[in-house]
Amino acid sequence: MTPLFLLICSNIFMTIAWYGHLKFTDTRLWIVILASWGIALIEYCFAIPANRIGYTHGWSAGQLKVTQEIVTLVVFALFATLVLKEPLGLRHLGAFACIVGAAAFMFVGRS
């Protein structure tokens, strides 16, 4: 569970770094770039341990990546609806289902 928790934390910070500036379109681009880099540094402080811990506890790199993609999609969906006020539709649900299916393929047969 530690890798999953750390991946959730890292994706919260990365989503803010990548998309948070959209709420501040009047701010100079160089300022939001520097702010985003600072936020991304915090994200790395969660992502790197998540992958290291997961890998040393038997997760494959593929399993870690697919799990990270699922977490990214869930965090982004919440961010898009709650912060950016963008509605989610069936296309989003379909994309999520495809990624969850990919995760199932990565974990099936894992001992």
Side-chain angles (χ1 to χ4, degrees):
M1 289 308 285
T2 300
L4 183 59
F5 173 74
L6 292 171
L7 286 172
I8 291 168
C9 291
S10 76
N11 275 280
I12 289 169
F13 282 102
M14 189 50 80
T15 299
I16 292 169
W18 284 1
Y19 301 102
H21 64 89
L22 298 177
K23 296 291 282 184
F24 306 99
T25 56
D26 292 337
T27 304
R28 293 186 177 271
L29 186 57
W30 70 270
I31 292 172
V32 297
I33 289 171
L34 289 177
S36 292
W37 270 88
I39 296 167
L41 176 63
I42 298 168
E43 181 269 342
Y44 269 62
C45 291
F46 288 103
I48 301 304
N51 288 311
R52 175 71 61 96
I53 292 167
Y55 194 74
T56 59
H57 283 89
W59 293 38
S60 71
Q63 290 169 330
L64 287 163
K65 180 61 180 170
V66 172
T67 301
Q68 183 267 332
E69 293 299 336
I70 291 170
V71 170
T72 297
L73 191 56
V74 170
V75 169
F76 178 76
L78 290 170
F79 184 86
T81 57
L82 298 174
V83 176
L84 300 177
K85 306 296 186 211
E86 294 183 2
L88 295 181
L90 288 177
R91 291 180 309 123
H92 300 93
L93 182 61
F96 183 70
C98 289
I99 292 176
V100 169
F105 278 110
M106 289 301 291
F107 282 94
V108 75
R110 182 175 179 255
S111 53

Side-chain touch Leu64/Gln68, heavy atoms, less than 4.5 angstrom
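Side-chain contact under 4.5 Å: no.
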Start with the C-alpha distance between Val74 and Val71, add both sets of side-chain angles, then the distance that settles side chain to side chain contact (heavy atoms under 4.5 Å, CB included), and finish with yes or no.
CA-CA 5 Å; Val74 170; Val71 170; 5.9 Å; no
Considering all heavy atoms of both residues, which atom of [X] and which atom of [Y] are nearest to each other, and what is their separation?
X	Y	result
Ala40	Ala17	N-CB, 4.1 Å
Ala47	Ser10	N-CB, 3.6 Å
Ile99	Val66	O-CG1, 4.2 Å
Ala50	Leu6	CB-CB, 3.5 Å

Partners passing salt bridge (Lys or Arg N to Asp or Glu O under 4.0 Å) against Glu86 (at least two apart in sequence or in another chain):
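Glu86: no salt bridge (Lys or Arg N to Asp or Glu O under 4.0 Å) contacts found.
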Might you confirm whether atom CG of Leu82 has over 12 heavy atoms from other residues, nucleotides or ligands at distances under 6.0 Å?
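It does: Leu82 CG has more than 12 such atoms within range.
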Are [Y] and [X] linked, directly or through intermediate hydrophobic residues, by side-chain heavy-atom contacts shorter than 4.5 Å (ILVMFWY only)?
X	Y	value
Tyr19	Leu34	no
Phe5	Ile12	yes
Leu22	Ile39	yes

Expected output: side-chain Thr56 to main-chain Ile53 donor-acceptor under 3.5 Å
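A pair under 3.5 Å: yes.
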Could you tell me which residues satisfy side-chain hydrogen bond (donor to acceptor under 3.5 Å, both in side chains) with Ser36, sequence neighbours excluded, listed by chain and number?
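In terms of side-chain hydrogen bond (donor to acceptor under 3.5 Å, both in side chains), with neighbours along the sequence ignored, Ser36 is linked to no residue.
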What pairs with Arg28 under side chain to side chain contact (heavy atoms under 4.5 Å, CB included), at least two apart in sequence or on another chain?
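With neighbours one apart ignored, the set is Trp30, Ile31.
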